[in-house]
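For reference, the structure is listed below as structure tokens.
Numbers for residues simply follow the sequence, beginning at 1. In this text the structure is predicted, and so the values were computed from the model without any measurement.
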Amino acid sequence: MTNTLQYAERRVYLLQKMQQGIAIIPNAPLQQRNADADYPYRFDSHFHYLSGFEEPESVLVLIAGQRPLSILFCREKDPEREIWHGYRSGPEAARDNHGFDEAYPISKLDEKLIELMGNQPTLFYPMGNSSTWDQRLLNLRKTVQEKSRIGISAPGEIRDVRTFINEMRLFKDDYELKIMRHAAEISTTAHKRAMKFTRPGQFEYQVEAELLHEFCRHGARNPAYTSIVASGANACVLHYIENNAKLHDGDLLLIDAGCEFNGYASDITRTYPVNGQFLGAQKDVYEIVLASQAAAIATATPGKNWEDPHNAALRVLAQGFIDLKLCHGSVDGILESGDYKKYYMHRTGHWLGMDVHDVGEYKIDGNWRALQAGMVLTVEPGCYIRPADDVPMALWNIGIRIEDDIVITRTGNEILTLAAPKTIKEIEEVMRHE
Ligand code: GLY
Ligand code: MN
Ligand code: MN
């Protein structure tokens with residue numbers, strides 16, 4: 001699914017936003033895992049969003065102004081290394097295939113940057129993302145400064161290029177939405193597979209294996225984040241990733257897992273009984289979380305603001321916590337005091353895109369920003385009840401979260417992950433059929 005024109009258009013847009021100056025956007029480094037083994041390579045999302053170029057050791061340089069230029073630095077062709085490590089595009093082919101104006105070997109980067117930075121008023125780059133790059137660019141800028149005697153000036157201003165790119169990435173175009181729909185579809189299939197597979201006596205990692213198998217066999221080689229497969233009390237640990245406990249009859253299983261497909265994340269949570277049948281207290285809590293999610297999703301529409309779905313979910317949860325005798329008083333009183341935070345301590349969602357917690361401001365000028373068509377977010381309320389003297393024992397260790405991926409459309413929203421069974425009836429039916 002490459003689309004050279006799409007990437008070129010994004011560069012043109014960014015160049016217009018910059019008006020003047022030079023932007024330097026490095027790709028992510030290879031990361032060593034141990035000894036001679038690297039982690040699977042994952043490109044930098046900003047770099048990829050603007051280039052579509054897949055190889056490590058590459059840098060995008062944009063020069064704004066009257067004669068805008070986009071320049072790629074990448075590895076040279078190297079027949080010997082290509083035998084060991086595979087194909088390298090090389091600068092010429094990269095330029096021609098990806099629509100850059102110029103391309104140079106990465107080994108020439110410092111030399112060329114000293115030349116390209118000269119007389120540019122502003123240097124745009126992702127500051128603070130990598131101390132190595134921060135230092136390298138500051139050193140190069142210093143070298144340019146030293147040329148003042150021959151009439152060349154260094155950029156007097158340094159700005160974070162992500163201010164522009166984050167805003168661009170927040171609004172997904174049709175091309176991105178198509179990819180995200182597909183990522184979501186793969187992940188819903190994986191959740192269904194996990195539900196059908198789950199039985200008492202298995203281990204959490206065996207369920208995780210089913211998820212990963214389903215991701216990979218559809219071409220999503222990596223999860224978008226480490227899968228959470230948390231049974232029983234483990235579900236009350238928000239970032240549980242050990243995934244090594246045995247599944248017990250009568251416990252719930254919380255799975256927060258989503259694949260990355262073509263650089264885009266999906267992020268789904270489903271919670272269901274290990275034995276396929278919700279017990280009374282589990283049912284009560286589940287229905288509350290489900291209702292809170294429905295209220296939040298109904299509020300995720302154009303014209304509402306970022307905080308509205310969270311507030312809608314909170315009101316339903318607060319009433320539920322009163323009904324379950326977890327909290328006491330009125331809904332407004334509980335929201336005011338924050339007593340609900342003992343059982344619901346996270347936010348109801350985040351932007352979703354190339355990164356699972358995607359870029360984009362949540363507030364504009366101090367106010368929660370309006371939801372607009374093209375934004376993609378998760379809606380993921382939950383309830384986590386740890387054992388305590390003031391908690392009815394039937395509720396102990398119930399941890400439930402329900403998470404879907406939502407696109408804001410012109411008229412409302414589209415739920416990308418609807419196919420993952422969610423109601424008690426749907427879940428029990430899927431688990432009964434195998
Ligand atoms: N899986 C990370 C999250 O739900 O935010
Ligand atoms: Mn999420
Ligand atoms: Mn999640």
Intermediate values then yes/no, side chain to side chain donor-acceptor pair (under 3.5 Å), D38 and Q31: CA-CA 6 Å; D38 285 340; Q31 299 277 3; over 6 Å; no
Residue pairs involving residues 115-128 (criterion side chain to side chain donor-acceptor pair (under 3.5 Å); sequence neighbours excluded): K112-E115, N119-S153, T122-E157, Y125-D134
Distance, nearest 0.5 Å, that separates CG of L30 from OH of Y41: 6.5 Å
Evaluation steps, side chain to side chain contact (heavy atoms under 4.5 Å, CB included), between L253 and T198: CA-CA 9 Å; L253 178 65; T198 299; 3.9 Å; yes
Spatial distance of atom CD1 (I297) from atom CD1 (I415) [nearest 0.5 Å]: 4.0 Å
Aromatic ring pairing H350/H357, orientation class (parallel under 30°, perpendicular over 60°, tilted between): tilted
Residue pairs fulfilling side chain to side chain donor-acceptor pair (under 3.5 Å) with at least one residue in residues 137-151, sequence neighbours excluded: Q135-N139
Other residues, nucleotides, ligands: >12 heavy atoms within 6.0 Å of E414 CD: yes
For G399 against T271, the heavy-atom pair lying closest together: O-CG2, 3.5 Å
Residues S231 and D251: side-chain donor-acceptor under 3.5 angstrom: no
Salt bridge R347-E307, side-chain N to carboxylate O under 4.0 Å: yes
Pairwise distance CD1(I179) to CG(N262) - rounded to 0.5 angstrom: 5.0 Å
N3 versus Y175, side-chain donor and acceptor atoms under 3.5 Å: no
Check: S266 side chain, C259 main-chain N or O, donor-acceptor pair, under 3.5 Å: yes
Non-hydrogen atoms of E361 and W351 that approach each other most closely: O-NE1, 3.3 Å
I25 side chain reached by V59 side chain, heavy atoms, under 4.5 Å: no
Parallel, tilted or perpendicular: rings of F124 and F164 (30°, 60°): tilted
Min side-chain heavy-atom separation L62-I22 under 4.5 Å: no
Nearest heavy-atom neighbours spanning A190 and L211: O-CD2, 3.6 Å
Between H239 and Y225: side-chain donor-acceptor atoms closer than 3.5 Å: no
Derivation and outcome, side chain to side chain contact (heavy atoms under 4.5 Å, CB included), residues I158 and L138: CA-CA 10 Å; I158 301 182; L138 288 175; 3.9 Å; yes
Donor-acceptor contact present, side-chain S187 to main-chain A184, <3.5 Å: no
Minimum-distance pair of heavy atoms, taken over all atoms of P26 and W133: CB-CE2, 3.4 Å
Exercise: identify the closest heavy-atom pair between M354 and Y49: SD-CB, 3.9 Å
Whether H182 and F261 hold their rings parallel, tilted or perpendicular, with breakpoints at 30° and 60°: perpendicular
Heavy-atom side-chain proximity of V61 to I63 below 4.5 angstrom: yes
Over 12 foreign heavy atoms within 6.0 Å of CD, Q32: yes
Exceeds 12 heavy-atom contacts within 6.0 angstrom, atom CZ of R81: no
Heavy atoms of other groups near K363 NZ, more than 12 under 6.0 Å: yes
Result of checking L416, D405, V407 against L352 for side-chain contact (heavy atoms from CB on, under 4.5 Å): D405
Any side-chain heavy-atom pair of H46 and R169 under 4.5 Å: yes
Residue Q20 excluded, over 12 heavy atoms near CD under 6.0 Å: no
Exercise: do N244 and E204 side chains pair donor with acceptor under 3.5 Å: no
Heavy atoms of other groups near I241 CD1, more than 12 under 6.0 Å: no
Contact summary for F171 and M375, nearest pair of heavy atoms: CZ-CE, 3.7 Å
Side chain to side chain, T417 and K422, heavy atoms closer than 4.5 Å: no
is_close_aromatic(Y340, F321), centroid dist under 6.0 Å: no
Mutual orientation of the aromatic rings belonging to Y104 and F73 [parallel < 30°, tilted 30-60°, perpendicular > 60°]: tilted
Lys/Arg N to Asp/Glu carboxylate O, D404 vs R270, below 4.0 Å: yes
Nearest-0.5 Å distance that lies between atom CD in Q202 and atom OH in Y205: 10.5 Å
E403 and I268, any side-chain heavy atoms less than 4.5 Å apart: no
Side-chain donor/acceptor of D358 to backbone N/O of D355, under 3.5 Å: yes
Gap separating the OG1 atom of T189 from the CZ atom of F215, nearest 0.5 angstrom: 9.5 Å
Electrostatic pair K425-E428, nearest N-O below 4.0 angstrom: no
Side-chain donor/acceptor of D96 to backbone N/O of A93, under 3.5 Å: no
Donor-acceptor under 3.5 Å (R162 side chain, M127 main chain): yes
Check: Y384 ring centroid to Y343 ring centroid under 6.0 Å: no
Atom CG of D174 with >12 non-hydrogen neighbours under 6.0 angstrom: no
Side-chain donor/acceptor of E76 to backbone N/O of P91, under 3.5 Å: no
Note: R95-D101 ion pair, threshold 4.0 Å (strictly below): no
Validation row: Y286, I424 side chains within 4.5 angstrom (heavy atoms): yes
Aromatic Y7 / basic R10 pairing, under 6.0 angstrom, 45° off normal: yes
R11 (side chain) donor-acceptor with L50 (main chain) under 3.5 angstrom: yes
K77 and E92 ion-paired at < 4.0 Å: no
Donor-acceptor pair, side chain of E55 and main chain of R75, under 3.5 angstrom: no
Presence of salt bridge, R88 and E82, under 4.0 angstrom: no
Euclidean distance, L72 CG relative to N27 CG, rounded to 0.5 Å: 9.0 Å
Whether H346 side chain and L238 backbone form a donor-acceptor pair below 3.5 Å: no
Heavy-atom side-chain contact between L371 and I408 under 4.5 Å: yes
Side-chain donor or acceptor of T378 paired with backbone N/O of E380 under 3.5 Å: no
